[in-house]
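Excluded from the calculations below are hydrogen atoms, water molecules and symmetry mates; all remaining heavy atoms, backbone and side chain alike, are included.
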Amino acid sequence: EEGPYELPGPRPDLRLLRKTYVEGSEWTLPLLSNKDGHFDLVLEDLSGLNLAEKTLELKAREIFYVGPEDLGHIKLHKGSYGLKVRGPEETAFDFKFEVLEPLSFSDDRIFVAPYPEGRPDGLGTWEVPLDLQTAIYRAYPGTHILLKAATYTLDKAIEVPYGLDGEPQARIQLSCPDGKAVLDFSGQGGPFILDASYWYLENLVIEHSGPDLAGLQIGGSYNLVQFTEVRSNGNTGLQISAKETLERDLWPAHNRVRFCLSCDNKDPGQNNADGFAAKIACGEANLFEACLSYNNIDDGWDLFSKLCVGIPGAVEIRYCLTAYNGHDFSGKLWADGNGFKLGGEGLPIPHKLSRSFSFANDADGITSNSNPSVLVEDCVSVNNYGADYAIYGQGETAYGAELRSNIAGGGAEADLLPDHLGEDALRQKDPSCTTEELLEDWTREACRAYPEARDWLKEQIEALKVRGISREAF
C-alpha cells in the first residue's frame with residue numbers, strides 16, 4: 001500500500017493530507033498533486049448534496065490549502081463530508097473527511113489514556129479521557145495533551161497531519177507529566193508521524209514499530225522533542241525527513257531533538273535502521289543536543305544525501321554520544337554500523353559535529369561518507385572497528401572539511417584525513433587513558449552544558465554501561 005505522500009507517475013495523482021477537523025475551528029483541506037493542472041472540486045455532505053464547487057490551479061509537489069474562502073465561506077458542522085475532484089487526463093478522486101463535535105477542555109488540557117479507558121467518544125477529562133489519536137485531531141494552538149503514564153498498545157500509525165499546527169508562542173504540547181507514556185506498536189503499527197509544525201513532545205517511549213517503519217518520523221518544522229526514547233523499532237528510531245516528492249520549501253526544518261535515546265532499532269534488511277537520521281529531503285537548521293544512540297543495526301546518526309534529490313540543509317549535532325552500532329542487543333543481527341555518518345554521494349553540506357563521543361562501533365566512528373564540507377570539532381572517537389575518523393570528499397571540493405581539537409585512538413583501521421588539515425585537527429589519546437575515563441569526562445562536560453538534563457544524562461550513561469552490548473560480547 002502506498003504511503004499518504006507517495007505520488008507515483010506518470011499519471012496525475014492527488015492526495016488529501018488531513019481528514020479530521022473540529023466543528024467551529026478554522027479548517028483547510030491540504031491537497032498535494034504530482035502534476036500541474038486544473039482540478040475541479042465538489043464538496044458534498046453525507047447524503048451527496050452539493051455544497052460548493054471550485055476550480056483550482058495546482059502546482060506539482062506543492063501543498064495547496066483549500067479553505068472556506070475557496071468554497072463560498074461554507075461552515076462545516078459535525079458529520080461526514082466528501083470531496084470529489086476531477087483532474088487532468090480525465091482522472092477522478094473521491095475523498096472522505098470527518099468533522100468532530102467540539103468539546104470544552106479545562107485550561108486547554110486534553111487528558112488521554114490507553115483503550116478501553118481512553119475512547120474516541122471520551123470527554124478529554126481526567127475522569128473520561130480520550131484515546132491518543134482523537135486527542136491529537138482535537139488539538140489547537142496552545143493545547144496541552146496529557147498522557148497518563150501507561151502502555152498504549154497500538155496497531156496502526158499515529159499521525160499529526162499537515163496543517164494541524166501550533167504557533168510560535170502557542171505550541172501544541174503532547175507529554176506525560178507523571179512518568180513515561182509507552183507507545184507500543186506491537187510489531188505491526190507505526191510510525192508516530194509528526195508532519196505538523198510547532199509541536200512539543202516530551203516523556204514518551206516509542207517502541208516496536210512494524211517492519212521497515214520508523215519509530216518517530218518528523219516531516220514538520222519548528223518542533224521540539226525531548227526526554228523521549230525510541231527503541232526496538234522496525235526501522236530508524238527517529239528520522240527527520242520529508243518524502244522526496246515534496247518541494248524543498250516543504251522539507252522539515254528548524255526541529256530540535258534534545259535529551260533523547262535511540263537504541264536496538266533494526267529493519268528486516270539489516271541495512272537501514274539508524275538510531276537518529278536527518279537525511280535526503282531534510283531542510284535547514286535541524287539540531288540534536290545531548291542525545292544517545294547505541295546498538296542500532298545501522299548507524300548511530302545518518303545524515304545521508306542523494307544527488308538526484310538535491311542538497312539538504314545543514315544539521316548540527318552537539319554533545320551527543322554513539323556506541324556499539326552495527327548490531328542489536330541480541331547480537332544476531334549485523335550491518336555496517338558507523339557512529340556518526342555525515343553525508344553521502346559527495347554532496348557538500350556544512351554539517352557540524354561538536355563535543356560528541358563515538359566509540360566501539362562496528363565500522364567508522366566518525367565518517368564524512370564523501371561529504372567534503374563537514375566541520376568536526378572537540379570530538380572523541382576511539383576503539384572503533386573501522387577508522388576512528390574517515391573524512392574525505394569527491395571531486396574538486398574534496399578538501400573543504402574542517403577538523404579542530406579532536407581525539408582518536410584504538411581504531412582498527414588507520415584514520416583517513418584530508419592532507420590540508422593542520423596538526424590541531426586530530427591528536428591521539430593518551431595510551432593510559434581508558435574509554436571509561438573518556439566517557440566520564442564527556443558525561444561531566446555534557447552535564448555542565450545542560451544542567452536541566454543532568455539527572456537524565458547520568459541515568460542514561462549508567463544504563464548504557466548495563467544495556468549496551470559491545471561486539472566483543474559475541
Side-chain angles (χ1 to χ4, degrees), residues 5-6 61 212 214 217-221 235-257 262 265 267 269 271-288 291 293 296-318 320 322 325 335-354 356 358 361 363-376 379 386-387 389-403 416 418:
Y5 317 120
E6 294 287 357
R61 307 197 327 175
D212 294 313
Q217 178 80 41
I218 300 176
S221 297
N235 210 324
T236 295
L238 185 156
Q239 180 161 323
I240 302 173
S241 65
K243 295 298 182 182
E244 298 172 23
T245 50
L246 290 179
E247 288 294 332
R248 183 185 175 85
D249 60 358
L250 296 173
W251 292 358
H254 298 277
N255 293 291
R256 191 177 185 187
V257 180
S262 186
N265 298 292
D267 62 297
N271 63 354
N272 200 50
D274 308 300
F276 297 98
K279 61 184 183 180
I280 306 176
C282 188
E284 298 291 340
N286 292 294
L287 171 65
F288 296 89
C291 295
S293 176
N296 300 288
I297 202 67
D298 200 17
D299 306 313
W301 265 263
D302 188 356
L303 309 187
F304 188 71
S305 54
K306 281 185 178 180
L307 187 62
C308 64
V309 175
I311 298 179
V315 175
E316 182 173 359
I317 302 171
R318 183 190 305 160
C320 289
T322 185
N325 293 291
D336 291 336
N338 298 290
F340 296 102
K341 186 167 76 178
L342 306 178
E345 299 194 356
L347 292 177
I349 308 119
H351 297 314
K352 181 179 179 180
L353 176 67
S354 65
S356 295
S358 179
N361 296 284
D364 299 329
I366 298 174
T367 175
S368 66
N369 200 42
S370 78
N371 176 3
S373 300
V374 298
L375 169 60
V376 181
C379 291
Y389 293 81
I391 309 299
Y392 59 97
Q394 294 179 356
E396 296 179 357
T397 60
Y399 303 103
E402 295 183 58
L403 274 72
L416 177 61

[atom1] of [X] to [atom2] of [Y]: how many Å apart, nearest 0.5 Å?
X	Y	atom1	atom2	result
S356	F288	OG	CZ	11.5 Å
T367	W301	OG1	CH2	16.0 Å
N255	I218	CG	CD1	5.0 Å
S373	H351	OG	NE2	9.5 Å
S221	L250	OG	CG	8.5 Å
K352	I317	NZ	CD1	12.0 Å

Is any side-chain heavy atom of [X] closer than 4.5 Å to a side-chain heavy atom of [Y]?
X	Y	answer
P350	L375	no
N371	S305	no
S370	Y392	yes
V315	F276	no

Any donor-acceptor pair under 3.5 Å linking the side chain of [X] with the backbone of [Y]?
X	Y	value
S262	S293	no
S241	A281	no
D298	A273	no
R61	T245	yes

Which of L238, N272, N296, D274 passes side chain to side chain contact (heavy atoms under 4.5 Å, CB included) with N265? Answer is N296
Only one of C320, S368, C379 passes side chain to side chain contact (heavy atoms under 4.5 Å, CB included) with L353, and that residue is C379
Requested in this report: Could you give me the CA-CA distance, side-chain angles and deciding distance for I240 and V257, then say whether side-chain contact (heavy atoms from CB on, under 4.5 Å) is met?
Outcome: CA-CA 10 Å; I240 302 173; V257 180; 4.2 Å; yes
If you measure from the Lys or Arg side-chain nitrogens to the Asp or Glu carboxylate oxygens, is any gap between E316 and R256 under 4.0 Å? no
Donor-acceptor contacts under 3.5 Å from residues 335-342 side chains, at least two apart:
from: N338; atom 1: OD1; to: D364; atom 2: N; distance (Å): 3.1
from: N338; atom 1: ND2; to: D299; atom 2: OD1; distance (Å): 3.1
from: K341; atom 1: NZ; to: D299; atom 2: OD2; distance (Å): 3.0

For D212, the side chain to side chain contact (heavy atoms under 4.5 Å, CB included) test, sequence neighbours excluded, returns N235, D267, P268
Return the minimal non-hydrogen interatomic distance between [X] and [Y], and the atom names on each side.
X	Y	answer
W251	L246	NE1-O, 3.2 Å
G313	I349	O-CG2, 3.8 Å
P372	G393	CB-CA, 3.9 Å
Q217	A214	OE1-CB, 3.9 Å

Those residues at least two apart in sequence (or on a different chain) that pass salt bridge (Lys or Arg N to Asp or Glu O under 4.0 Å) with E345 are none
